[in-house]
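First comes the structure, then the notes that go with it.
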Amino acid sequence: MNYKNIKAEKKDMVGVITLNRPDVLNALSSALIGELGEALTNFESDQEIGVIVILGGEKAFAAGADIKEMLEKDYFEASTGDFLGNWGAITKCKKPTIAAVSGYALGGGCELAMQCDIIIATEDAKFGQPEINIGVIPGAGGTQRLTRAIGKYKSMEMILTGRMMNAHDAETAGLVTRVVKKSALIDEAMDVANKISKMPRAAVIAAKSSVNRSFETTLAEGILFEKTSFYSLFATEDQTEGMRAFAEKREPKFRNR
Ligand code: DAK
């Protein structure tokens, strides 16, 4: 697949998307976001793919939306033209998504990472919502997802002052899944992705959407959704195979059915 601002490739059952504007620290232009949406749609509909990994560069996962592109916009043009409105494609993915973050994940870059399901970060990763420094606020979910991840008081300080959070603090605060050495980032992200991609697909999708319910609904409704999803998995061959393999003390052979 040929794109200008990203690379998209298949590695076994994992779709890997690499943000590829290194000269501008992967600033997320409209063109890049459009290509990202297209690549995600392709991987979503590709039956061979079970998991999607988003990689940035070494110095930056992404330093935010492209400020030079935003510079000339006025309120009327931005709002009526739905400027940046095509963000969020990744939140519609049923398949699990993993952000592998090295260096800066700022503004829209931090929001893109937080739109993923798992965030693996290098020791030098830096997370931040510095939009206040340029006269705006987060616009792709930062005020909501960061606050849900790390709580009101840490998030308020970051968003009001633009202060960055280092990888260690981000892990402690619950913003990242795991911190790894820089040289190990891609291997670690691919290990997790490969592991999930071999799990029974229907259960993976049900698990992801159940966890996400906890952000979007009441506890009672979330628990009802989980229980209904649990029962529905008894309609799959993989449930029978998984449980039978356990009882027979052998490895299961899942067929995604
Ligand atoms: N946009 C455009 N260019 C950027 C950029 C960005 N966000 N970040 C870096 N660059 C460019 C720099 O201009 C520079 O380009 P040249 O001058 O070489 O042409 C090159 O990348 C290298 O950057 P620096 O020279 O600045 O590198 P340093 O190591 O000195 O500093 C830095 C690295 C990451 C601390 C710094 O570049 C920086 O502060 N960058 C801006 C970070 C930022 O403010 N990010 C938030 C942007 S606002 C929405 C969806 C999304 C959004 C909003 C709404 N809707 C759905 C409605 C998102 C908004 C944002 O992200």
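Whatever order the structure lists ligands and atoms in, that order sets their numbers, starting from 1.
Counting only N and O atoms by type, the side chains of Ser102 and Lys182 include a donor and acceptor under 3.5 Å apart.
Ile67 CD1, 3.8 Å is the protein heavy atom nearest to atom 41 (C) of ligand 1. Ranking the protein heavy atoms by distance from atom 45 (N) of ligand 1 puts Ala63 O, 2.9 Å first. Here the protein heavy atom with the shortest distance to atom 53 (C) of ligand 1 is Leu84 CD1, 3.7 Å. Among all protein heavy atoms, the one lying closest to atom 16 (P) of ligand 1 is Lys68 NZ, 4.1 Å. The closest protein non-hydrogen atom to atom 4 (C) of ligand 1 is Val24 O, 3.8 Å.
Close approach of ligand 1 to Gly107 (heavy-atom distance below 4.0 Å) involves ligand atoms 46 (C), 61 (O). Listed by number with element, the atoms of ligand 1 under 4.0 Å from a non-hydrogen atom of Gly108 are 58 (C), 60 (C), 61 (O). Residue-ligand proximity, Gly64 to ligand 1, at heavy-atom distances under 4.0 Å covers atoms 7 (N), 61 (O). Ligand 1 places these atoms under 4.0 Å from at least one heavy atom of Met70: 48 (S). Short contacts between ligand 1 and Pro130, defined as distances under 4.0 Å to a heavy atom of the residue, involve ligand atoms 43 (C), 44 (O), 45 (N).
Residue Leu25 places a heavy atom under 4.0 Å from ligand 1. Heavy atoms of Gln129 come nearer than 4.0 angstrom to ligand 1 in no pair at all.
Among residues two or more places apart in sequence or in another chain, the side-chain hydrogen bond (donor to acceptor under 3.5 Å, both in side chains) test is passed with Arg148 by none. Every side-chain contact (heavy atoms from CB on, under 4.5 Å) that Ala149 has, sequence neighbours left out, goes to Leu175.
Distance check, rounded to the nearest 0.5 Å: CD1 of Ile54 to CG of Leu112 gives 6.0 Å.
Of the possible polar contacts, one joining the Glu69 side chain to the Ser30 backbone as a donor-acceptor pair under 3.5 Å is found. Judged purely by atom type and a 3.5 angstrom limit, Thr172 uses its side chain to pair as donor or acceptor with the backbone of His168.
Looking at heavy atoms from C-beta onward, Val51 lies in side-chain contact with Ile98 at the 4.5 angstrom threshold. Using a 4.5 Å cut-off on side-chain heavy atoms (C-beta onward), Lys10 and Val16 make no contact. A 4.5 Å side-chain heavy-atom check between Arg178 and Ile118 finds every atom pair outside the cut-off. The closest side-chain heavy-atom distance from Met70 to Leu84 is below 4.5 Å. Here the side chains of Ile119 and Phe127 are in contact, with some heavy-atom distance below 4.5 Å. Thr122 is not listed as a side-chain neighbour of Lys181, based on a closest heavy-atom distance of 4.5 Å or more.
Protein non-hydrogen atoms do reach within 4.0 Å of atom 43 (C) of ligand 1. Within a 4.0 Å radius of atom 31 (O) of ligand 1, the protein has no heavy atom. Distances from atom 25 (O) of ligand 1 to the protein include no heavy-atom value under 4.0 Å. Protein non-hydrogen atoms do reach within 4.0 Å of atom 1 (N) of ligand 1. Per-atom contact check: atom 57 (C) of ligand 1 touches the protein, criterion being a heavy-atom distance below 4.0 Å. Not a single protein heavy atom sits closer than 4.0 Å to atom 39 (O) of ligand 1.
Between Ile134 and ligand 1, no N or O atom pair is found at a separation short of 3.5 Å. Of the polar atoms of Gly139, at least one N or O is found under 3.5 Å from an N or O of ligand 1, judged by distance alone. Where the criterion is an N or O separation shorter than 3.5 Å, residue side chain and backbone included, Ala65 meets it with respect to ligand 1. Considering backbone and side-chain atoms together, Ala140 places no N or O closer than 3.5 Å to any N or O of ligand 1. For ligand 1, the polar-atom distance check against Lys59 finds a nitrogen or oxygen pair separated by under 3.5 Å. Looking at Tyr104 next to ligand 1, no N or O pair under 3.5 Å apart turns up.
A salt bridge does not link Asp169 to Lys154: none of the charged side-chain nitrogens sits closer than 4.0 Å to a carboxylate oxygen. Between Arg255 and Glu237 there is a salt bridge, since at least one side-chain N of the basic residue sits less than 4.0 Å from a carboxylate O of the acidic one.
Residue contacts with ligand 1 for Ala27 involve side-chain atoms from C-beta outward but no N, CA, C or O (heavy atoms, distance under 4.0 Å). In Asp23, the part holding a heavy atom less than 4.0 Å from any atom of ligand 1 is the backbone. At a heavy-atom distance under 4.0 Å, no atom of Glu69 approaches ligand 1.
Surrounding CZ of Arg244 are at most 12 heavy atoms belonging to other residues, nucleotides or ligands under 6.0 Å away.
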Decide yes or no on salt bridge (Lys or Arg N to Asp or Glu O under 4.0 Å) for Arg213 and Glu226, but give the supporting numbers first. CA-CA 9 Å; Arg213 283 286 149 145; Glu226 179 194 83; over 6 Å; no
